[in-house]
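Heavy atoms only: backbone and side chains are in, while hydrogens, waters and symmetry mates are out. Reminder, nothing fancy here: chain letters follow the sequence lines and each chain counts from 1. The structure presented is a predicted model; accordingly, all values stated were derived computationally and were not measured.
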Protein chains: 2
Amino acid sequence: MSDYSSIEALRSKGLKVTPQRIAVFEAVLKRKNHPTAIEISEYIKKEHPHISVGTVYKVLDLLVEKGLLKKVKSEKEVMRYDAFTSPHHHLYDSESDRIMDFEDPELDRILRDYFSRKNIEGFRIKDISLQIIGEFHQKNNKKISV
Amino acid sequence: MSDYSSIEALRSKGLKVTPQRIAVFEAVLKRKNHPTAIEISEYIKKEHPHISVGTVYKVLDLLVEKGLLKKVKSEKEVMRYDAFTSPHHHLYDSESDRIMDFEDPELDRILRDYFSRKNIEGFRIKDISLQIIGEFHQKNNKKISV
DNA sequence: CTCCTCAAAGATAATCATTCTCCTTTAAGA
DNA sequence: TCTTAAAGGAGAATGATTATCTTTGAGGAG
């Protein structure tokens with residue numbers, strides 16, 4: 001509980017150290033299976049029954065912003081659809097919710113080579129796609145394909 | 001409108017051909033920018049003001065299931081959190097909502113090499129992560145790292 | 001071509017994650 | 001210790017998605 005290192009981590013980012021922040025941060029550190037905000041909230045209720053879900057969300061956002069945690073999956077919770085054409089990857093603008101396609105047969109070949117060499121035991125691959133997160137630094141609306 | 005090929009596509013999958021299905025499918029084909037279900041719903045309202053959102057969701061799910069469309073981003077809409085450690089990728093079980101880590105320095109090196117060679121104009125990369133979708137064929141709960 | 005039947009669609013309520021609002025509390029520097 | 005802006009609490013609001021339940025219509029049988 002209240003591991004010294006998590007307090008240090010918060011302080012190193014110039015954040016106010018509160019019991020809520022310590023609890024949320026340590027919950028994510030402790031749990032290995034990519035917990036959701038709700039799961040984290042349930043988990044810390046055992047020790048701190050008074051911490052509200054809203055606070056958990058706020059703390060998580062803050063910790064992601066400061067680089068102490070990482071969000072897995074979408075930046076936005078919305079599902080998007082794509083006509084099934086050739087395999088391609090996606091560029092995500094971290095500043096907006098813009099998504100663009102990226103396709104390159106060479107990349108696909110490289111990945112195919114790698115994964116046929118490197119077998120993942122107990123797992124059969126059906127599809128691979130890259131999320132390339134970054135920033136567009138010019139207005140660009142056409143499909144990118146190299 | 002009611003492009004012959006979309007009707008053919010539906011029929012080839014053994015699906016009942018309805019105006020709603022044609023409208024939704026063609027909307028996704030026509031729009032290039034990864035529309036959300038809501039956007040599709042708005043879009044087809046111009047031509048078919050009576051099609052309900054529920055129907056749009058049902059049709060999209062069906063088309064994804066039949067392989068005519070693809071979902072971009074998360075299988076579930078939930079956000080998950082991860083302590084920020086070394087860069088790693090994720091294995092998604094298509095049968096459940098299980099997510100596991102996958103890390104391999106060699107893969108990271110390959111990707112780094114590729115992207116430093118292949119510059120994407122107008123885009124500055126901040127992070128890259130692979131979504132590897134497939135099926136676990138054994139009960140496996142430990143972190144996979146090759 | 002008409003009729004039948006079951007799958008599909010419509011309308012709307014319910015659910016669930018997430019965000020917002022607004023009031024109260026508290027960390028931490030003076 | 002005191003002050004104050006930042007943080008937290010409670011719960012309402014929002015927005016996407018799903019469920020329910022009734023009505024409609026696609027498409028095969030005759």
Side-chain angles (χ1 to χ4, degrees), chain A residues 2 6-25 27-28 34-45 47-66 68-69 71-81 97 99, chain B residues 2 6-25 27-28 34-45 47-66 68-69 71-81 97 99:
Chain A
S2 59
S6 65
I7 294 176
E8 277 305 289
L10 291 169
R11 200 159 277 149
S12 76
K13 299 292 180 182
L15 298 175
K16 230 179 235 186
V17 177
T18 69
Q20 292 86 346
R21 287 173 178 181
I22 296 170
V24 170
F25 188 36
V28 182
H34 308 90
T36 64
I38 299 294
E39 284 164 0
I40 294 162
S41 176
E42 299 297 326
Y43 181 78
I44 63 182
K45 262 208 180 66
E47 294 274 340
H48 309 267
H50 54 290
I51 297 180
S52 77
V53 262
T55 299
V56 172
Y57 278 102
K58 273 183 277 186
V59 172
L60 287 169
D61 275 358
L62 183 72
L63 297 180
V64 168
E65 188 192 316
K66 293 296 178 182
L68 292 173
L69 296 180
K71 262 186 199 166
V72 181
K73 293 262 175 180
S74 58
E75 300 292 308
K76 299 251 170 281
E77 77 281 11
V78 194
M79 216 72 97
R80 290 175 177 275
Y81 296 85
D97 59 355
I99 302 175
Chain B
S2 61
S6 65
I7 294 175
E8 277 305 291
L10 291 169
R11 201 161 274 151
S12 75
K13 299 291 178 181
L15 298 176
K16 227 178 239 187
V17 177
T18 68
Q20 292 85 346
R21 288 174 177 180
I22 297 170
V24 170
F25 188 37
V28 182
H34 307 91
T36 64
I38 300 294
E39 285 165 0
I40 295 162
S41 176
E42 298 298 325
Y43 182 78
I44 63 183
K45 261 206 180 69
E47 294 275 340
H48 309 266
H50 54 289
I51 298 180
S52 76
V53 262
T55 298
V56 172
Y57 278 104
K58 274 182 275 187
V59 171
L60 286 169
D61 275 358
L62 183 74
L63 297 181
V64 169
E65 189 192 315
K66 294 295 179 184
L68 293 174
L69 296 182
K71 261 185 200 167
V72 181
K73 291 266 175 178
S74 56
E75 299 291 308
K76 300 251 171 281
E77 79 281 11
V78 195
M79 217 71 98
R80 290 175 177 274
Y81 295 86
D97 58 357
I99 303 175

As a quick check of understanding, evaluate side chain to side chain contact (heavy atoms under 4.5 Å, CB included) for B/Asp61 and B/Glu65, giving each step before the final call.
CA-CA 6 Å; B/Asp61 275 358; B/Glu65 189 192 315; 5.9 Å; no

Can you check the [X] [atom1] to [N] [atom2] distance for me, whole Å?
X       : N      : atom1 : atom2 : answer
B/Lys16 : D/dG28 : NZ    : C1'   : 10 Å
A/Leu60 : C/dT18 : CG    : P     : 9 Å
B/Lys13 : C/dA8  : NZ    : P     : 16 Å
A/Leu15 : D/dG8  : CG    : C1'   : 15 Å
A/Ile44 : D/dG8  : CD1   : P     : 11 Å
A/Asp61 : D/dA7  : CG    : C1'   : 14 Å
B/Glu65 : C/dA8  : CD    : C1'   : 14 Å
A/His48 : D/dG9  : NE2   : P     : 10 Å

Show your reasoning for whether side chain to side chain contact (heavy atoms under 4.5 Å, CB included) applies to A/Val59 and A/Phe25.
CA-CA 8 Å; A/Val59 172; A/Phe25 188 36; over 6 Å; no

Locate the shortest heavy-atom distance separating [X] from [Y]; write the atom from each residue and the value.
X       : Y       : answer
B/Ile51 : B/Lys45 : O-NZ, 4.5 Å
A/Ile40 : A/Ala27 : CG2-CB, 4.0 Å
A/Ala23 : A/Ile44 : O-CG2, 3.7 Å

Just to confirm, is there a sub-4.0 Å distance from OP1 or OP2 of D/dT18 to any side-chain nitrogen or oxygen of B/Tyr57?
no

May I ask you to verify if any side-chain N or O of B/Arg21 is less than 4.0 angstrom from the OP1 or OP2 atom of D/dA26?
no

Of A/Leu62 and A/Pro49, whose nearest nucleotide on DNA chain D comes first from the 5' end?
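So the residue in question is A/Leu62.
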
Nearest-nucleotide check on DNA chain C, B/Val59 vs A/Val17; residue mapping nearer the 5' end is B/Val59

Could you check whether any side-chain heavy atom of A/Leu63 comes within less than 4.5 Å of a side-chain heavy atom of A/Leu10, counting everything from C-beta outward?
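A side-chain contact exists here, since the closest heavy-atom pair is under 4.5 Å.
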
Walk me through it: do A/Val28 and A/Leu60 pass the test side chain to side chain contact (heavy atoms under 4.5 Å, CB included)?
CA-CA 9 Å; A/Val28 182; A/Leu60 287 169; 4.1 Å; yes

Between protein and nucleotides 10-12 of chain C, what N or O pairs are separated by less than 3.5 Å?
residue: C/dG10; atom: OP1; partner: B/Gln20; partner atom: NE2; Å: 3.3
residue: C/dG10; atom: OP1; partner: B/His50; partner atom: O; Å: 3.4
residue: C/dG10; atom: OP2; partner: B/Ser52; partner atom: N; Å: 3.3
residue: C/dG10; atom: OP2; partner: B/Thr55; partner atom: OG1; Å: 2.7

